[in-house]
There are 2 protein chains.
Amino acid sequence: MAKVDTSLVAHLPLFGGVKPEDLEEILREARSVRYPKNSAIFEQGADAQSFFLLLHGHVRAAKTTPSGEQIVVRYVSPGETFGLAMAIGAARYPATAIAVDDSVALIWPTSAWPRLVERFPSLAANTLQTVGTRLQESHTRILEMSTQQVEQRVAHALLRLAKQSGKKLDHGIEIDFPISRQDIAQMTGTTLHTVSRILSGWEQQGLVESGRQRIILRDPHGIVVLAERSPDSGAA
Amino acid sequence: MAKVDTSLVAHLPLFGGVKPEDLEEILREARSVRYPKNSAIFEQGADAQSFFLLLHGHVRAAKTTPSGEQIVVRYVSPGETFGLAMAIGAARYPATAIAVDDSVALIWPTSAWPRLVERFPSLAANTLQTVGTRLQESHTRILEMSTQQVEQRVAHALLRLAKQSGKKLDHGIEIDFPISRQDIAQMTGTTLHTVSRILSGWEQQGLVESGRQRIILRDPHGIVVLAERSPDSGAA
DNA sequence: GCTCGTTTTTGAGCTATCGCAAACACCCTG
DNA sequence: CAGGGTGTTTGCGATAGCTCAAAAACGAGC
């Protein structure tokens with residue numbers, strides 16, 4: 001098994017407060033796995049046998065209702081952990097993870113977690129921190145869904161994606177992985193039709209440039225304005 | 001300062017894996033504070049000086065938008081922690097906490113957290129667990145808001161409240177603290193008007209009995225049926 | 001028992017957004 | 001370069017739920 005270079009991951013929040021030699025020990029328990037674009041990494045409801053640290057690529061975590069409707073829980077960027085079912089004491093994954101790009105992740109057996117935490121308490125503290133942050137973001141999302149209209153929510157979603165995974169271009173910011181209107185709909189609690197209409201509108205106004213699974217924010221500031229517009233302060 | 005009886009809190013998840021003598025040490029750092037009904041425990045945006053463990057009563061955690069709209073993040077029941085800003089590395093409270101009943105909480109200075117975690121690593125692990133569970137619940141809530149209609153969401157919300165804080169009566173389950181239509185609206189992402197209409201309807205059908213800040217589920221099973229009804233399987 | 005403030009109820013019209021349907025554009029493959 | 005599949009656009013109703021408005025019920029304090 002290829003050895004993982006500690007220098008690549010030492011700076012990640014997960015490993016804050018972990019000594020270099022300890023880090024090596026931790027990494028010895030992991031293996032590195034490649035997931036081709038559009039492949040499933042794990043399925044909602046499956047046995048949580050592993051947990052993950054994304055090295056390259058992007059992963060979409062989605063939750064499905066009994067009747068088949070989906071929402072996107074989040075997009076995972078390199079350096080982030082996912083599939084932490086064990087940390088919350090769940091035996092099964094609460095969501096499905098799909099690689100949206102060719103991706104590489106470090107993967108540990110779930111069974112290693114208790115031992116690791118015991119030996120390296122910072123791991124628990126660090127994970128608590130990131131899970132806490134996600135909880136906050138989650139609450140913010142609920143707040144938005146409760147108080148804002150669809151257009152504002154889409155604006156916020158795009159701005160977040162741009163901040164998280166934006167590639168700076170001369171003429172704007174491009175979201176760095178394939179993402180469809182459907183995906184955005186599932187992030188904002190609306191339908192792909194509505195998202196499509198909104199993006200069409202924005203394209204007219206020169207705010208964005210978009211195509212098949214591709215979005216470029218041409219005027220990020222303009223979108224910020226939209227995002228913060230109060231419900232009624234409508235334009236002409 | 002009154003000493004806290006360890007036997008009252010020893011069984012709580014937060015203290016799982018903590019030895020009795022250690023528990024005493026932990027409790028020595030806390031004090032017990034009483035909050036009268038409707039008083040604020042902390043305000044969103046304020047310096048996170050303390051974290052809390054609710055002993056008696058009920059607390060509503062709510063988040064407010066810049067423009068003043070509110071959502072209810074959750075209701076805290078006895079035995080649960082709240083105000084854990086420090087665990088997620090936040091210097092300020094992300095929400096406001098209000099005692100909805102006369103309440104009593106143990107309160108620790110935020111500054112004690114790092115020391116406690118260092119001495120008693122189970123605290124971090126346990127807290128990770130509860131925060132993780134809350135994250136899951138939060139995702140479930142987002143899923144509901146995205147895929148269900150208001151009536152179903154209200155049904156789910158009431159069922160959760162009943163499970164969490166329901167007092168069993170002969171003729172149903174009563175929610176054990178004062179809660180208004182407005183509160184329920186803020187839990188489900190709708191308006192108090194809509195909630196009022198829905199509850200009126202249910203009352204007609206004998207599903208609930210309700211009054212000023214008071215709700216009794218007369219037919220919990222009937223409400224479960226409503227909660228699970230698919231979008232279109234409408235009644236006559 | 002009366003008054004005041006809060007909560008709840010109910011009506012009526014409005015609209016943002018959905019749902020359905022059809023046409024279209026694009027990309028990949030053979 | 002033609003064919004097929006997936007993603008996107010757009011039109012046109014339908015409607016769940018919102019907003020505004022007003023009245024009624026309730027509870028607490030004097």
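Numbered from 1 within each chain, the chains take letters A, B, ... in sequence-line order.
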Check: Where does the angle between the aromatic ring planes of B:Phe177 and B:His58 fall among parallel (under 30°), tilted (30 to 60°) and perpendicular (over 60°)?
Finding: tilted
Check: Please give, in whole Å, the distance from D:dT10 C1' to A:Leu199 CG?
Finding: 14 Å
Check: So which pairs with a foot in residues 185-198 of chain B pass side-chain hydrogen bond (donor to acceptor under 3.5 Å, both in side chains), sequence neighbours left out?
Finding: B:Thr191-B:Thr194
Notebook entry, point to check: Are any side-chain N or O atoms of B:Gln164 and backbone N or O atoms of B:Tyr75, one a donor and one an acceptor, separated by less than 3.5 Å?
Noted result: yes
Notebook entry, point to check: Between D:dC18 atom C1' and B:Ile198 atom CD1, what is the distance in whole Å?
Noted result: 13 Å
Margin query: Nearest whole Å is fine: how far is C:dG13 C1' from B:Arg197 CZ?
Written below: 12 Å
Check: Which nucleotide sits closest to the side chain of B:Gln213: C:dT8, C:dT17, D:dT19?
Finding: C:dT8
Check: Quick one: is A:Thr190 getting a side-chain N or O under 4.0 Å of the C:dC18 phosphate, OP1 or OP2?
Finding: yes
Checklist line | Expected output: side-chain A:Lys167 to main-chain A:Ile173 donor-acceptor under 3.5 Å | finding: no
Check: Could you state the CZ-P distance from B:Arg153 to D:dG17, rounded to the nearest angstrom?
Finding: 7 Å
Notebook entry, point to check: Is the closest side-chain donor-acceptor distance between A:Ser67 and A:Glu69 under 3.5 Å?
Noted result: yes
Checklist line | Partner set under salt bridge (Lys or Arg N to Asp or Glu O under 4.0 Å) for A:Arg134, not counting sequence neighbours | finding: none
Notebook entry, point to check: Can you find a donor-acceptor pair, distance only, under 3.5 Å between A:His193 side chain and D:dT10 base?
Noted result: yes
Next item on the list: Output all residues satisfying ring-ring contact (aromatic ring centres under 6.0 Å, His included) with A:Tyr35, sequence neighbours left out; order by chain, then residue number.
Entry: none
Check: How long is the gap from CD on A:Gln44 to OG1 on A:Thr64, to the nearest 0.5 Å?
Finding: 4.5 Å
Checklist line | Helix axis bend for the helix from C:dG1-D:dC30 to C:dG30-D:dC1 - C1'-based end axes, five pairs, 10° rounding | finding: 40°
Note to self: Heavy atoms within less than 4.0 Å of DNA chain C: which residues of residues 179-186 of chain B have one? Give them sorted by number.
What the structure shows: B:Ser180, B:Arg181
Notebook entry, point to check: When the aromatic ring centroids of A:Phe82 and A:Phe51 are compared, is their separation below 6.0 Å?
Noted result: no
Check: Donor-acceptor pair, B:Arg60 side chain versus B:Thr96 backbone, under 3.5 Å?
Finding: no
Margin query: With a 4.0 Å cutoff (strictly under), does any side-chain N or O of B:Ser196 reach OP1 or OP2 of C:dT9?
Written below: yes
Item checked: 5′-ward residue of the pair B:Glu151/A:Ser210 relative to DNA chain D -> A:Ser210
Next item on the list: Just do the salt bridge (charged side-chain N to carboxylate O under 4.0 Å, His left out) check on A:Glu174 and A:Arg218 with the steps written out, would you?
Entry: CA-CA 8 Å; A:Glu174 173 165 17; A:Arg218 277 208 167 290; over 6 Å; no
Check: Side-chain N or O of A:Thr194 less than 4.0 angstrom from OP1 or OP2 on C:dA16?
Finding: no
Next item on the list: Mind calculating the distance between CH2 (A:Trp202) and P (D:dT10) to the nearest angstrom?
Entry: 16 Å
Checklist line | Separation of D:dA16 C1' from B:Met145 CE (nearest whole Å) | finding: 15 Å
Checklist line | Nucleotide C:dT7, atom P - distance to CG of B:Leu192 in whole Å | finding: 10 Å
Protein-nucleotides 23-30 of chain D N/O pairs under 3.5 Å:
unit_1 : atom_1 : unit_2   : atom_2 : d
D:dC26 : O2     : B:Arg212 : NH1    : 3.1

Item checked: Separation of C:dA16 P from A:Gln148 CD (nearest whole Å) -> 16 Å
Check: Does A:Arg74 pair with A:Glu80 as a salt bridge, N-O distance under 4.0 Å?
Finding: yes
